[in-house]
Number of protein chains: 2
Amino acid sequence: MFSKSCKYAIRAVLYLAVHSDESSKIGVKEIADSLEVPKHFLAKILQQLAKHNLIASIKGPSGGFFLTETHINASLIQVVYSMDGPEMFSSCLLGLPVCSSDNPCPLHVQAFAYREGIIYQMKHQTIKELANRIEREELKL
Amino acid sequence: MFSKSCKYAIRAVLYLAVHSDESSKIGVKEIADSLEVPKHFLAKILQQLAKHNLIASIKGPSGGFFLTETHINASLIQVVYSMDGPEMFSSCLLGLPVCSSDNPCPLHVQAFAYREGIIYQMKHQTIKELANRIEREELKL
DNA sequence: ATATTAAAAGACTTATTTGTCTTTTAATGG
DNA sequence: CCATTAAAAGACAAATAAGTCTTTTAATAT
């Protein structure tokens, strides 16, 4: 479904949503250790997210990564798009070049219905809402 | 979602379901040309499917690949399992080692519903039923 | 039997993804 | 201003997926 980069990105953003803010930034090391993912690989992913303005970063002592109000009120779908591109959700399940309601592949109906569900959730739920649920239900990242 | 091998495999099996039977076998070349996929790559995939008894094959002149009654009454899920393995449907969307209803990742509820739908369809619909629909609705492969 | 046909098997190359390491740039505190 | 800290940038390396090519094996028809 998602590439590893994308999975790491989602988890990192949610981690930042729960643990960071303007006044308490977090370094790559802490995030990588907490999520148990390769540090340098995660660093590149965070750079990319920062470049796409999905997270904020500051260099130097007491620097690190964090989410602003704007970031935390966005939806996760942007993170997915920036890592795996928009085809993730729109491309045909069987890899056919043309596949739509007009011209459906044999699995189009099923794929469409169920993918719409995930897209809807990812689009209409803010990162903040997700973060709140993570804290409330003590979910693991 | 699926690897390319798996996509090619599904399409090839459906192609065989529509066009082949015990008395009219089909060669790799014809399938590869029809589906517009790399011939030698598809050959390896068909070999693997044959080894797993998901399709039948006969060597020599008038040989080729085909589906028996048994094959055509099976479900597509076996094809997916044989190409991409069972983790495809069971593993966590975020790649967490433990993720279940007891111990859900932040996207577990959404992901679960989505995937169960596709699994259900792939499990409870026979290849024959799919093939009939493909012919009836003139769907592309 | 033997020549022909087509799948099976296996070696190999290429591309992509994932992961590592080093150097550079920018912010901060002394 | 300068040492320190941490992200940014970029060069590599490893692992996996995708694709190609050649040789071997088995079935068939002449």
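Numbered from 1 within each chain, the chains take letters A, B, ... in sequence-line order.
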C/dG19, OP1 or OP2 - any side-chain N/O from A/Tyr8 closer than 4.0 Å? yes
If you apply the rule side chain to side chain donor-acceptor pair (under 3.5 Å), what do you find for A/Gln110 with B/Tyr120, and how did you get there? CA-CA 10 Å; A/Gln110 294 90 316; B/Tyr120 184 87; over 6 Å; no
Write down the distance between CZ (A/Phe2) and P (C/dT18), rounded to a whole number of angstrom. 13 Å
Closest of C/dT4, D/dA7, C/dT22 to the A/His40 side chain is C/dT22
Looking at the side chain of A/Gln47, which of D/dA8, C/dA9, C/dA7 is the nearest nucleotide? D/dA8
How many whole angstroms separate atom CG of B/Leu42 from atom P of D/dT20? 12 Å
CZ (B/Phe89) with more than 12 external heavy atoms under 6.0 Å: yes
What integer distance in Å separates A/Leu35:CG from C/dT18:P? 16 Å
Go through D/dT20, D/dA7, D/dT5 for me and flag the one nearest to the B/Pro38 side chain. D/dT20
Do the side chain of B/Lys44 and the base of D/dG19 come within less than 3.5 angstrom through a donor-acceptor pair of N or O atoms? yes
Nearest-nucleotide pick for B/Lys59, side chain only, options being C/dA26, D/dA9, D/dA27: D/dA27
Is there a side-chain polar atom (N or O) of A/Ser57 under 4.0 Å from OP1 or OP2 of D/dA6? no
In whole Å, I'd like the distance from the CD atom of A/Glu30 to the P atom of D/dA7. 11 Å
Using atom CZ of A/Phe41 as one end and atom C1' of D/dA14 as the other, report the distance to the nearest whole Å. 12 Å
A/Ile45 CD1 - C/dT17 P separation (whole Å): 13 Å
Is B/Ile26 touching bases, backbone alone, or none of the nucleic acid, heavy atoms closer than 4.0 Å? sugar-phosphate
When you measure from the side-chain N and O atoms of B/Ser62 to the phosphate of D/dA29, is any distance below 4.0 Å, counting only OP1 and OP2? no
Whether the side chain of B/Glu129 engages the backbone of B/Thr126 through a donor-acceptor N/O pair (distance < 3.5 Å, no angle test) should be reported. yes
Tell me if the CD atom of B/Glu137 is crowded by more than 12 foreign heavy atoms within 6.0 Å. yes
What is the distance from NZ of B/Lys39 to P of C/dA6, rounded to the nearest Å? 10 Å
Classify the side chain of A/Lys4 and the base of C/dT18 as holding, or not holding, a donor-acceptor pair under 3.5 Å. no
Only one of B/Ile10, B/Ile72, B/Leu76 forms a side chain to side chain contact (heavy atoms under 4.5 Å, CB included) with B/Leu130, so which one is it? B/Leu76
To the side chain of A/Pro61, which of D/dA18, C/dA27, D/dA7 is closest? C/dA27
Starting at atom NZ of B/Lys29, determine the distance to atom P of D/dC21, rounded to an integer number of angstrom. 14 Å
